[in-house]
Enquirer: 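There's a structure below that I have some questions on.
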Amino acid sequence: MTLETLSAIRSHGGTQTLYRHMSTSTKTPMEFSVFVPDHEDGAKLPVIWFLSGLTCTPANVTEKGEFRAACARHGFIFVAPDTSPRGDGVPDDAEAARDFGLAAGFYVNATRAPFSEHYHMRDYIETELPDVIARELPCADMSRQSIMGHSMGGHGALTVGLRNPDRFKAVSAFAPINSTINCPWGQKAMAGYLGDDQSKWEEYDACALIKNGARLPDILVDQGAADEYIETELKPDLLRDACAEAGQPLTLRIHDGYNHGYYFVSTFMNDHIEWHAERL
Ligand SMILES: N[C@@H](CCC(=O)N[C@@H](CSC=O)C(=O)NCC(=O)O)C(=O)O
């Protein structure tokens, strides 16, 4: 396996790189971005994973997330994977909608044809890409990882984190979907990728995972009160209630005036990196 470097740009005393590689999970080429601060030979740096939302490539958070200054200050690697397989033969939503198919992989392993051939984003995030990072970036300290994400990717961060509590020292989310079983985006995606048996969706639903016993030491969620999706899709009350009932520690902060986009994400990015830094 070799990584192809598509671009490498100096920024904030480090290097922002875009890589492409052939994925065994998705059976497609996949791109991801990595920021590596300058460091001494032999130094080992913690790794923050960022899972992006619907419509995104690695470029969205890389260009608009404003994470580099804090990562450079702390000496953190920042990895931003893509949101779905892409390319020839990869099926999309029948109407090319933005909530399913391309750029909407929901970090699941699809079991329903034709999506089951390529849409294995859970394997990609949980197993393959960490192996690639560990092998190709000798400075990555894989014993100190954390994960965050936005919207669909915020839910991805919560669910990947809840399923892998020993891997991640911190888990946080910006405006996440909180329960795929209980929102139109999630219902469409889970039915399309997994079929109609909702018991199969529970491992991909943050609230169901918590109700079923998954635990983290704590979770940080920031949410804009003026988010256009808060009532219809995100429903932060569902996470607040699930955590309260289960005794799962949660810091849920609601911010007046902020909407769903990267102006909101970038505003609170430094807070999240500081919160991760206390735990990494
Ligand atoms: N300008 C955005 C507004 C909607 C938005 O913020 N979409 C999110 C993902 S929604 C759930 O996963 C996003 O990350 N969009 C990409 C971006 O760079 O803002 C839009 O219409 O896409």
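Ligands are counted one by one from 1 in listed order, and the atoms in each one are counted from 1 as well.
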Enquirer: Got the residues with a heavy atom under 4.0 Å of ligand 1, by chain and number?
Expert: Gly53, Leu54, Thr55, Cys56, Asn60, Lys64, Arg98, His150, Ser151, Met152, Trp185, Tyr229, His260, Gly261, Tyr262
Enquirer: Suppose clustering is done on Ile, Leu, Val, Met, Phe, Trp and Tyr with side-chain heavy atoms closer than 4.5 Å. Which residues sit in the same group as Tyr258?
Expert: Phe35, Ile48, Phe50, Val61, Phe67, Phe76, Phe78, Met148, Phe174, Tyr262, Phe264, Val265, Phe268, Met269, Ile273, Leu280
Enquirer: Which pairs count as ring pair (Phe, Tyr, Trp, His ring centres under 6.0 Å) when at least one residue sits in residues 201-228, sequence neighbours excluded?
Expert: none
Enquirer: Is there a donor in the side chain of Thr15 and an acceptor in the side chain of Thr17, or the other way round, less than 3.5 Å apart?
Expert: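 Side chains of Thr15 and Thr17: no pair found under 3.5 Å.
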Enquirer: Will you find, in the side chains of Arg68 and Gln16, an N or O donor that is under 3.5 Å from an N or O acceptor?
Expert: yes
Enquirer: Considering residues at least two apart in sequence or located in another chain, which fulfil the salt bridge (Lys or Arg N to Asp or Glu O under 4.0 Å) criterion with Arg20?
Expert: Glu4, Glu31
Enquirer: Describe, in one word, how the ring planes of Tyr19 and Phe32 are oriented to each other, choosing from parallel (under 30°), tilted (30 to 60°) and perpendicular (over 60°).
Expert: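 Tilted.
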